[in-house]
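Okay, so here's the structure we're looking at.
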4 protein chains.
Amino acid sequence: METNKRDAILKAALALFAKRGYDGTTVPMIANTAQVGAGTIYRYFENKETLVNALFQQCVQEFSETLKFEEIDPSSDMRDQFHYIFKRLIKFADTNIHALLFIESHNSAYYIDVTSRKAFQGLMETLRQMMQNGKDRGVIKDLQTDALIALVYGAFVMLFKLIQAGLLDESEAMLKEVEESCWNAIKIL
Amino acid sequence: METNKRDAILKAALALFAKRGYDGTTVPMIANTAQVGAGTIYRYFENKETLVNALFQQCVQEFSETLKFEEIDPSSDMRDQFHYIFKRLIKFADTNIHALLFIESHNSAYYIDVTSRKAFQGLMETLRQMMQNGKDRGVIKDLQTDALIALVYGAFVMLFKLIQAGLLDESEAMLKEVEESCWNAIKIL
Amino acid sequence: METNKRDAILKAALALFAKRGYDGTTVPMIANTAQVGAGTIYRYFENKETLVNALFQQCVQEFSETLKFEEIDPSSDMRDQFHYIFKRLIKFADTNIHALLFIESHNSAYYIDVTSRKAFQGLMETLRQMMQNGKDRGVIKDLQTDALIALVYGAFVMLFKLIQAGLLDESEAMLKEVEESCWNAIKIL
Amino acid sequence: METNKRDAILKAALALFAKRGYDGTTVPMIANTAQVGAGTIYRYFENKETLVNALFQQCVQEFSETLKFEEIDPSSDMRDQFHYIFKRLIKFADTNIHALLFIESHNSAYYIDVTSRKAFQGLMETLRQMMQNGKDRGVIKDLQTDALIALVYGAFVMLFKLIQAGLLDESEAMLKEVEESCWNAIKIL
DNA sequence: TATGAATGAGCTTTCATTCAT
DNA sequence: CATGAATGAAAGCTCATTCAT
């Protein structure tokens, strides 16, 4: 199936970690799902902890690349910036819902190392900057930045958790409406 | 310390499950934290899975009791109802942050049984009804109900996750502002 | 059989390490021989390496106690001192041949830690002192002390290795003769 | 480096087996030290056990060749014969200390096969014959032959173990003296 | 012929669970 | 009732061996 074994392992691990968590996923489960021998995993990753961190960092990397935050002109209209970011968030969720939920549920776990944690914080920092920029320009509410993130990112994450669980149908119209709602939550009326 | 051993075990399990997850927490860890013998846990719970489900149901129960949804008059002003619920959510988070985060991170786990899942869904149903009521009365946006829940409850949960992580300072003013934001997200302008 | 499990484990490990070496002995083998569960071994020893070092130190301890070097009067006749030590060496070999051969074959292995190594060196030091004393008094040859030890202890160890292998019959007469031979090897004619 | 891969493998294996024992040495370790691929080892040896036996037999062979026992005239002076053998033992130790210690520590191991064991016994037999010859001629003590071997060969082996460990300095004078000591141990006074 | 990626049997170790005290 | 020593099934991991290249 998969020509690159390392990727097959990461893919299998992502699906399983997202579904069963780190400690609830055994190495044989990953090997089985990835269609490789259990020993093969150790040719690519020193141990299970190294694997979960490599995976975490890869997911964060993909998330960053999808957001393409550097393409945003900070001087452009705030609502447009918000629209751009929200579109990208949705794109990432659509492309790699496992990665999104994996990052969200593992970012503060005890087995996540300093490098991984820093990568994640770097990602969040870009969102924080946009919020700060909006606050500075008097367009976004003067709340603590992380509260603003909770309002938008928290809502976004739960939205896709519910979609993933089959409790909610994804549609362009709904997502457009939710974007508007999130913006209403943080903008100054 | 704790006169009631069953409660001591549940309390210890809650703290540990919240911190390390279900599979990352060992029974001896729980016994140690609860200051009881490992064997004692099996006098109160058939096994680890029974324990986690009993705990989950207890947390959901406490959450329900805190919300006191039955006190709300469905015919009263929607904004007032929302205010009441939001206050109660905050009260629960303040009283038992571990329980809130435990429910949130474990509600769809593989070891959560049907009874537990139903209890959780019952809880969510009350929130759903309020949203539905608001939609029926033309005060709240006509989005799928679960999308509305994501907007409010998703934001709320992440807010307290960040507070718990020490990234955000909790204050009356901030919470009042966040409540207003959540309301702005779902109300019809 | 064995009332004390820790001792049963050490006894089983000694026999197996002596026969098959450290890496050639598996923990299940030890558990099986000691008639305990594999997990039980880890209640008494942190890991296999801790076990082998605890065993080594215990063997050295027993060896030291058997030699009772402190009972020797350094001013007494050198030949009498030699006789006393040789008798004690034989006693140890007769009582605990496994321990003797285990010490001999493992004392410089890579898994033997500093504490164990020091314990062994302490033991050898007592033999070295006796040799030195004999040299000082002009009774024993003026060779490097470790060469004298090789002459006596090397011969002694191989003697019991051959006895243990069934290639040589142990008898009072033979041992008396060997003692005489060892003395002849090191004394000044 | 090494033109002959088979020899490179045997050389690497000898050094590693001497240092870490058979079970403590992995095939990749040997491959790495010999600068060949792991698979290459299996082109020259059926498996690890075949390899260790081939190595053992080669070491015994070299030992035999160094001793050149056939050059000894059994009717010549006993002390001269002893001197000749001792010289040869030292030569072997100087030339190939690893081989000497490897033979000594592995000759009764569980993975040593019948052929290897016989080769070793053949080697020892030559020493035994010399001792027997000396006993017959009334020059060497009437002890069991293997006890005589223990006296000489046991001392000799430990001497070089200590030299190898850096605890003892090798010198012509010392070796001459040790030879004399060994002779004194077994000769009839 | 030479290789080293891949494998799975089997190793060391952990931990949910039991039971004698 | 309460305990924690004991257990063995199953986890994480290693390594002798194979085989496609």
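Just so it is clear, the values below take in all heavy atoms, side chains as well, and ignore hydrogens, waters and symmetry mates. No experiment lies behind these values; they were computed from the predicted model shown. Below, chain A is the first sequence line, B the second, and so on; all start at residue 1.
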Residue closer to the 5' end of DNA chain F, B:T40 versus C:G39 (nearest nucleotide)
B:T40
When the nearest nucleotide of DNA chain F is assigned to A:T25 and to B:A38 on a heavy-atom basis, which residue is associated with the more 5' position?
B:A38
Under 4.0 Å: is that the gap between some side-chain N or O of B:T26 and OP1 or OP2 of E:dC15?
no
Is there a side-chain contact between [X] and [Y], using heavy atoms and a 4.5 Å cut-off?
X	Y	result
B:F120	B:F56	yes
D:Y111	D:K48	no
D:I103	D:E62	no
B:V27	B:Y42	yes

Taking 5' to 3' order, which nucleotide of DNA chain F is first and which is last to have an atom within less than 4.0 Å of a heavy atom in chain D?
F:dC15 to F:dT18
Near-strand residues of residues 43-52 of chain D, defined as heavy-atom separation under 4.0 angstrom from DNA chain F:
D:N47, D:K48
Could you give me the CA-CA distance, side-chain angles and deciding distance for B:H106 and B:F102, then say whether ring pair (Phe, Tyr, Trp, His ring centres under 6.0 Å) is met?
CA-CA 6 Å; B:H106 291 72; B:F102 170 70; 4.4 Å; yes
Between CG on residue A:N53 and CD on residue A:E49, distance to nearest 0.5 Å:
6.5 Å
To the nearest 0.5 Å, what is the distance between CD1 (D:I9) and CZ (D:R43)?
11.0 Å
[atom1] of [X] versus [atom2] of [N]: gap in Å, rounded?
X	N	atom1	atom2	result
B:M29	E:dC15	CE	P	6 Å
D:D23	E:dT12	CG	C1'	15 Å
D:I9	E:dT1	CD1	P	13 Å

For the pair D:I30 and D:L51, evaluate side-chain contact (heavy atoms from CB on, under 4.5 Å) and give the outcome as yes or no after the intermediate values.
CA-CA 11 Å; D:I30 299 170; D:L51 165 58; 4.0 Å; yes
Are B:Q61 and B:E65 linked by a side-chain donor-acceptor pair shorter than 3.5 Å?
yes
Residues B:Y110 and B:D23: side-chain donor-acceptor under 3.5 angstrom
yes
Which nucleotide wins on minimum distance to the side chain of A:V36, given the candidates E:dA2, E:dT7, E:dA16?
E:dT7
So what does A:V27 touch, heavy atoms closer than 4.0 Å: a base, only the sugar-phosphate, or nothing?
sugar-phosphate
Once you apply a heavy-atom cut-off of 4.0 Å, does C:P28 come out as touching a base, just sugar-phosphate, or nothing?
base
Runs of at least three consecutive Watson-Crick or G-U pairs, both distances under 3.5 Å, are what I'm after; which ones involve DNA chain F?
E:2-21 with F:2-21
